[in-house]
Amino acid sequence: MDIQFFDTMTREKRVFNPMSPNVVKMYTCGPTVYNYAHIGNFRAYIFEDILRRTLKYLGYNVTQVMNLTDVDDKTIRDSNVAKTPLKVYTKKYVDAFFEDLKRLNIEKAEFYPAATDHVPEMIELVKILIDKNYAYKSEDGSIYFSISKFPDYGKLAKIDMQNQRSGARVNFDEYEKDSVADFALWKAWTADDGDVAWDSPWGKGRPGWHIECSAMSMKYLGKTFDIHTGGIDNMFPHHEDEIAQSEAANSQKFVNYWMHCEYLVVNGQKMSKSLGNFYTVRDLIAQGYSPEEIRWVLISAHYRKKLNFTFDALKQARETLKGFKSFFSRLNEAVKTNKQSLVSFDFVNDHINKFKEAMADDLNISEALASVFSLEKETNKLLTAPGIGATEAKTVLNAFTGFNAILGVFDFSEEPDNVPSEIRELAETRHAARKTKDFAKADSARNQLTELGWIVEDIPAGFKLKKI
RNA sequence: GGCGUGGUGCCCAAGUGGUCUAAGGGAGCGGUCUGCAAAACCGUUAUUCGCCGGUUCGAAUCCGGCCCACGCCUCCA
């Protein structure tokens with residue numbers, strides 16, 4: 001089965017062939033740790049997680065690198081405001097980031113290199129660019145990349161630099177550059193930087209914004225690697241600049257497949273810190289939404305489509321996940337029975353194959369979920385009507401475990417061993433009352449349970465308790 | 001000014017020339033089941049895919065124009 005990904009460079013779906021047959025090397029742009037990441041940011045990280053899990057599901061080993069940008073204008077600015085050393089300041093948000101990744105069940109990458117740990121590598125790269133005459137030193141001691149030396153500049157974003165209205169929104173006081181579009185490889189130290197500085201052949205300073213990704217991807221993945229991803233806002237200038245630096249320095253192709261994730265929008269507008277229309281994972285959890293519900297919302301739209309974030313979507317996710325939860329609970333019950341199989345279960349594999357094919361087709365999650373829902377529905381029918389055997393129930397459960405290797409949202413745990421005794425007693429009371437047809441008593445017990453936050457359902461074997 | 005993306009039912013969301021009188025989910029409504037519920041199942045909610053033209057035997061899907069929304073060209077996932 002071919003895997004196809006939409007490559008931003010060619011703007012079309014291409015059959016995916018990694019450089020080595022069984023290993024995929026991918027670089028995923030990570031957070032700038034100056035604040036809590038918001039769920040718009042996490043949309044990108046979840047897209048990367050789905051990509052990674054899909055590749056693994058389809059049989060590849062994955063080596064993923066995600067950078068942590070822990071030195072830049074904003075981290076310096078905000079650590080100064082907080083009167084906290086940069087490293088201490090950023091650590092807080094690095095920790096928070098990993099905490100959120102864990103909550104959202106995002107698999108860990110193999111490497112999380114921090115920019116501040118790789119300054120020597122960046123300096124080496126800048127040296128090469130200067131030696132090859134792609135970079136120049138300005139009067140203030142900063143080093144810039146000269147895009148006029150790199151004719152391919154703009155090939156990813158399809159930007160023709162001749163046609164840009166430079167000046168309209170570019171600050172003209174960057175007089176020291178040859179051309180306004182030239183970007184910094186190394187920034188000379190200024191007073192605003194405080195004690196954030198590294199020594200370099202060009203004097204005290206710090207790396208430019210883009211160089212870390214070139215240097216660190218090269219270190220961990222090589223000069224050419226398979227996939228590079230990020231939010232679509234990284235496409236220009238960030239990824240364009242990475243290409244320029246890397247390809248100029250190495251004289252070889254930087255990346256084979258570029259994949260970009262669309263925005264999360266709120267009321268039609270991009271969720272961003274500058275607009276202030278953002279929610280963090282912790283905000284939503286504080287409002288009573290679960291990480292699974294958040295994850296479901298973020299995975300359930302195709303990564304190249306804008307996703308409109310609403311609380312209604314979170315509520316829809318809640319209902320959907322509830323459905324799965326009770327489905328798994330029915331399956332778990334069926335597994336415990338000794339019922340004989342009455343039906344053929346070939347269709348389970350058909351559903352698995354459709355799921356797989358959909359994901360292999362540029363991560364078509366909607367198609368994939370359709371077969372997940374379809375398997376749920378078909379199985380539910382069988383659970384209701386003729387009954388299914390324990391073996392088949394197990395087969396279906398295994399299929400869902402397989403789906404979950406990518407989706408990462410299902411909770412298969414059996415409800416609940418940890419029911420408070422008070423709750424269990426109430427349910428027993430109700431059960432006994434029903435047996436003697438004392439429905440008034442039964443209903444009153446049920447009402448009490450509801451008030452305590454529990455739902456009781458009658459099933460052939462007795463009753464089932466669920467938390468609201 | 002340049003470049004780009006998208007507009008599909010009440011909401012979310014696939015489909016990108018025929019199997020589409022449009023998958024799937026959520027929600028609503030009707031029903032089966034139930035002491036009543038819940039869960040589950042069945043039925044139902046777009047002859048239509050922003051609007052207007054065109055190409056074609058045939059279009060949601062291709063072409064042209066228009067309207068609307070959003071984004072990039074500056075840090076941003």
Side-chain angles (χ1 to χ4, degrees), chain A residues 11 28-32 34-35 37-48 69 72-74 77 154 157-166 168-171 174 180-181 183 209 229-238 240 260-265 267-275 278 296-297 300-308 310 312-313 315-327 329-330 358 364-374 376-377 379-385 433-434 437-440 442-443 446 450 455-459 463-464 466:
Chain A
R11 305 289 162 101
T28 50
C29 278
T32 302
Y34 72 108
N35 207 326
H38 58 66
I39 56 168
N41 301 322
F42 279 107
R43 184 191 185 188
Y45 307 133
I46 283 194
F47 145 64
E48 287 149 3
T69 301
D72 81 317
D73 292 353
K74 283 172 294 196
R77 178 195 68 199
K158 313 290 179 224
I159 282 178
D160 175 0
M161 294 315 288
Q162 304 304 319
N163 261 333
Q164 298 309 298
R165 51 171 174 187
S166 49
R169 298 167 80 190
V170 175
N171 193 345
E174 299 192 64
V180 280
F183 56 90
W209 338 310
T229 72
I232 196 164
D233 45 359
N234 277 155
M235 189 167 88
F236 193 89
H238 184 55
E240 198 68 60
H260 291 95
C261 172
E262 254 293 354
Y263 295 119
L264 185 74
V265 299
N267 295 323
Q269 281 196 310
K270 173 184 172 184
M271 179 177 284
S272 73
K273 285 175 185 158
S274 44
L275 287 171
F278 64 90
W296 183 270
V297 170
S300 56
H302 186 75
Y303 75 95
R304 282 191 289 115
K305 285 279 190 98
K306 289 184 188 70
L307 195 171
N308 193 210
T310 61
D312 192 49
K315 287 180 194 118
Q316 292 190 10
R318 173 166 297 177
E319 294 310 316
T320 302
L321 291 174
K322 244 189 229 170
F324 281 116
K325 180 79 186 162
S326 60
F327 173 59
S329 153
R330 294 181 83 188
N364 191 336
I365 191 86
S366 299
E367 292 281 356
L369 290 179
S371 52
V372 172
F373 284 115
S374 167
E376 181 199 20
K377 188 163 194 160
T379 306
N380 257 330
K381 279 188 208 176
L382 297 169
L383 283 164
T384 307
R434 286 188 70 233
K437 301 211 186 295
D438 184 352
F439 297 122
D443 289 349
R446 182 166 59 194
T450 309
I455 291 171
V456 62
E457 289 177 10
D458 299 324
I459 57 171
F463 60 85
K464 194 194 297 190
K466 290 183 184 176

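First the proteins, then the strands, lettered A, B, ... as listed; each starts at 1.
- Candidate nucleotides B/G35, B/G26, B/A40 were compared by shortest atom distance to the side chain of A/Thr320, and B/G26 ranks first.
- Residue A/Asp312 places its side chain closer to B/C11 than to any other of B/G26, B/C11, B/A40.
- The side-chain ring of A/Phe373 is not stacked on the base of B/G24, judged by centre separation under 5.5 angstrom and plane angle under 30 degrees.
- In this structure B/A40 sits in a base pair with B/U32, meeting the Watson-Crick or G-U test at under 3.5 Å.
- Atom C1' of nucleotide B/A39 and atom CG of A/Leu321 are separated by 16 Å, given to the nearest angstrom.
- Here, B/A38 and B/C33 have their P atoms 15 Å apart, quoted to the whole Å.
- Comparing B/A60 with B/G18, their C1' atoms sit 13 Å apart, to the nearest whole Å.
- A/His302 comes within 4.0 angstrom of the backbone, heavy atoms only, and of no base.
- Remark: B/G71 base-pairs with B/C3. Criterion, Watson-Crick or G-U wobble with two distances under 3.5 Å.
- Between B/G64 and B/G4, the two P atoms lie 13 Å apart (nearest whole Å).
- Look at the P atom in both B/G24 and B/A46: the space between them is 14 Å, to the nearest Å.
- Comparing the same atom, C1', in B/G58 and in B/A40 gives a spacing of 42 Å after rounding to whole Å.
- Nucleotide B/G25 holds its P atom 15 Å from the CD1 atom of A/Ile365, rounded to whole Å.
- Closest approach to the A/Asn380 side chain among B/A39, B/C73, B/C41 is made by B/C41 (side chain taken as heavy atoms from C-beta onward).
- Side chain of A/Trp209, nearest nucleotide from B/G35, B/G25, B/C75: B/C75.
- Between A/Tyr45 and A/Phe42, the gap from one ring centroid to the other is short of 6.0 Å.
- Per the geometry, CG belonging to A/Leu264 stands 16 Å off C1' belonging to B/U5, to the nearest Å.
- Within 4.0 Å of A/Ile232, counting heavy atoms only, lies no atom of the nucleic acid at all.
- Side-chain N/O atoms of A/Lys377 include one lying less than 4.0 angstrom from OP1 or OP2 on B/C42.
- Set against B/A39, B/G71, B/A13, the side chain of A/Glu457 has B/A39 as its closest nucleotide.
- Spacing between atom CH2 of A/Trp296 and atom C1' of B/C11 amounts to 16 Å, rounded to whole angstrom units.
- At a cut-off of 3.5 Å, with distance as the only test, a side-chain donor of A/Lys464 or A/Ser329 sits close to an acceptor on the other residue.
- Residue A/Lys270 is in base contact, counting any heavy-atom pair closer than 4.0 Å across all strands shown.
- Nucleotides B/G31 and B/A22, compared at atom C1', are 26 Å apart to the nearest Å.
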